[in-house]
Colleague: 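Handing you this structure, nothing more for now.
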Amino acid sequence: MSEMTLPFAPARETAATSYLGEGHTLTSWLLTTDHKRIAILYALSITVFFFIGGIVVGLVRLELISPTGWFMTSDEYNRAFSIHGIVMVWFFLVPSIPATMGNFILPMMIGAPDVAFPRLNLLSWYLYVIGAAFTVYVLLSGGVDTGWTFYPPFSTGYSNSNVIPAAVGVFVVGFSSIATGVNFLATVHMLRAPGMTWFRLPLFAWSMYTVSMVMVLATPVLAMSLLLISAERFFGFPIFDATIGGDPLLFQHIFWFYSHPAVYIMILPAMGVVSEVFACFARRRVFGYSFMVFALLVIAVVGFMVWGHHMFVAGQSPFANLVFSFLSFMVAVPSAIKVFNWTATLYRGQIGLEAPMLYALGFVGLFTIGGLTGLFLASVPIDIAATDSYFVVAHFHFIMVGGSVSAFMAGIHYWWPKVTGRLYNEFAAQCAAITMFIGFNLTFMPQFVMGWLGMPRRYHLYPDVFQIWHVLSSGGAAVLAVAYLLPLGYLGWSLIGGQRAGDNPWAATGLEWQTPSPPPRQNFLHPPRVTSEPYAYHEFGRAREQDGETSISGQGDVS
Amino acid sequence: MSNGGSDMRSLWRGPLLAWIVLMGLFAISLGSAYIPLGHGNVAVNLLIAAVMLAVLATFLMDLKNAKSLVRIVAMAGLFWIMMMFSLTFSDYLTRW
């Protein structure tokens, strides 16, 4: 299976020498090639960008409390929501789960001592930080008023903002995505432990594999679209400008060829996380494992064929609308398979409502609402009525924030004891999960209503009749802000005063739990050998009430 | 030492020849644009592009000596670009 080998832990390495103890200098972190440390670097960076995007949208929601505007001009409002979109999509959501949990957990999950190309991994972080920091500097010092989509002819011919520098920053960050994708593909192909066959891979590993395919195949097309925008804006090349022979819809075709799969870059990893959490906290084997794998693959492939549903009213031909509408309905099928299988996994499970499970349950509810409203929008007649309205805004936030961020939080809480070796305050975490669910619904449910009533997106001046919905939504955003800040407090505190977690506090299966917490530099004290299927909770007889009696440390899949 | 030099020559020979062929095809493509063939110009240019693609994949990407997994990845790339073009043309060729 594997022609590539990396060294495992030397004999002198013990449980006491964790990756965190490998060096305490700044250089030991900035020059590290350890996938676990790089994951931490990514986690810290994306947290900073998340809060930058969050603060800006806090200002946007504050502005929208009044129907006549409050403290922003229309131009400032355009720049504010553009910052929010660009930062949240490219600097938080796209790298969120793959670059943090994927980097940390994937090699451990498949029994590898590191990723296939450790130095490329570090380079990807540098590309990410340089590109993202440059773009944020550009956005805050003058800004961009095109929205995150950079549509021509506005972006190429009319906008008086920093379009080209922002495009360059996003372009650079794209290479970070590609590097991560290539690395994960090579890692899964080449570095699986003996016995870790393809259909023994945990679903999170499968999700990382499929999302890597999407990253590698789609991101170059984003780079191409941004280069073409820059070429037309800077040199006047006739590409998108209809007055000199170009076609503005061509940009939308190219841009959405990347940007719709980008939605799956955000949601496929979330699906992987949730599958791990459900199996562990329901003490159940994942229902229909092979269907779950094929559903991930089908979503990754069919997700490339639906981009035209963003262009139903843009001037695309009615025939193309029909084709893309049909394909968009098709992609709902594997998504529905996953939701049904998660539900079946819970059936007769011994469900524990610890924080990761609460976040995961929130994911399923919010993802289902987001998915079903996506079907509304896949229907051409409904989309014509709802396009560019708050209905669309609510729909994609249900998927990308309700879905992806809930799963991100589920994963952070689930693997926190493994990453840090510490336990967090469970009650505080449960409160944060419930607060997030309430805050999210309060923020975005009113947006469905006002969108359906006709409130367009990207306007800060609006008729009085919509004010109640905007006020409710802004109130929800405040609750959501509290829910996002709470984990900073109790997770931060756990690093100082948290109880020692032990190797496997959740009594979970999976290779990453069969090694000390925090793990040693090369992940395992002994090279692992996989002898069983994933999620073998039944086989170990690990019912919840037996956890205290059954010794599992160092057992499971490692022999 | 002489072996090393021979290895280097054989390493460069294939890509260099492929590059020369690509440049030749590029010149033919440019030249054909000045010959008034009507719709034939598009057909000729597409044919030249297809030959260029074959040369590039076979010799520069070295797919002729690659393992089957690498060939599958390259085919996947081709499949993806075909999907991109065919669905985009479902718009352009059906506008009225």
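What you are looking at is a predicted structure, and each value in this text was computed from that prediction instead of being measured.
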Colleague: More than 12 non-hydrogen atoms from neighbouring residues, nucleotides or ligands closer than 6.0 Å to CZ on A:Phe199, yes or no?
Modeller: yes
Colleague: B:Trp80 and ring-ring contact (aromatic ring centres under 6.0 Å, His included): which single residue from A:Tyr258, A:Phe257, A:Phe304 fits?
Modeller: A:Phe304
Colleague: Count the heavy atoms of every other residue, nucleotide or ligand shown that sit under 6.0 Å from CE of B:Met23, and state whether that count exceeds 12.
Modeller: yes
Colleague: Can you establish whether the number of heavy atoms outside B:Trp19 located under 6.0 Å from its atom CH2 is more than 12?
Modeller: no
Colleague: Chain B: which of A:Ser317, A:Ala218, A:Gly315 shares the most heavy-atom pairs with it under 4.5 Å?
Modeller: A:Ser317
Colleague: Between A:Leu250, A:Val221, A:Leu185, which shows the greatest number of heavy-atom pairs under 4.5 Å with chain B?
Modeller: A:Leu250
Colleague: Pull out the residues in residues 86-95 of chain B that come under 4.5 Å of chain A, heavy atom to heavy atom, sorted by number.
Modeller: B:Leu87, B:Thr88, B:Ser90, B:Asp91, B:Tyr92, B:Thr94, B:Arg95
Colleague: For the interface with chain B, which of A:Leu249, A:Val323, A:Asp247 has the highest count of heavy-atom pairs at distances below 4.5 Å?
Modeller: A:Asp247
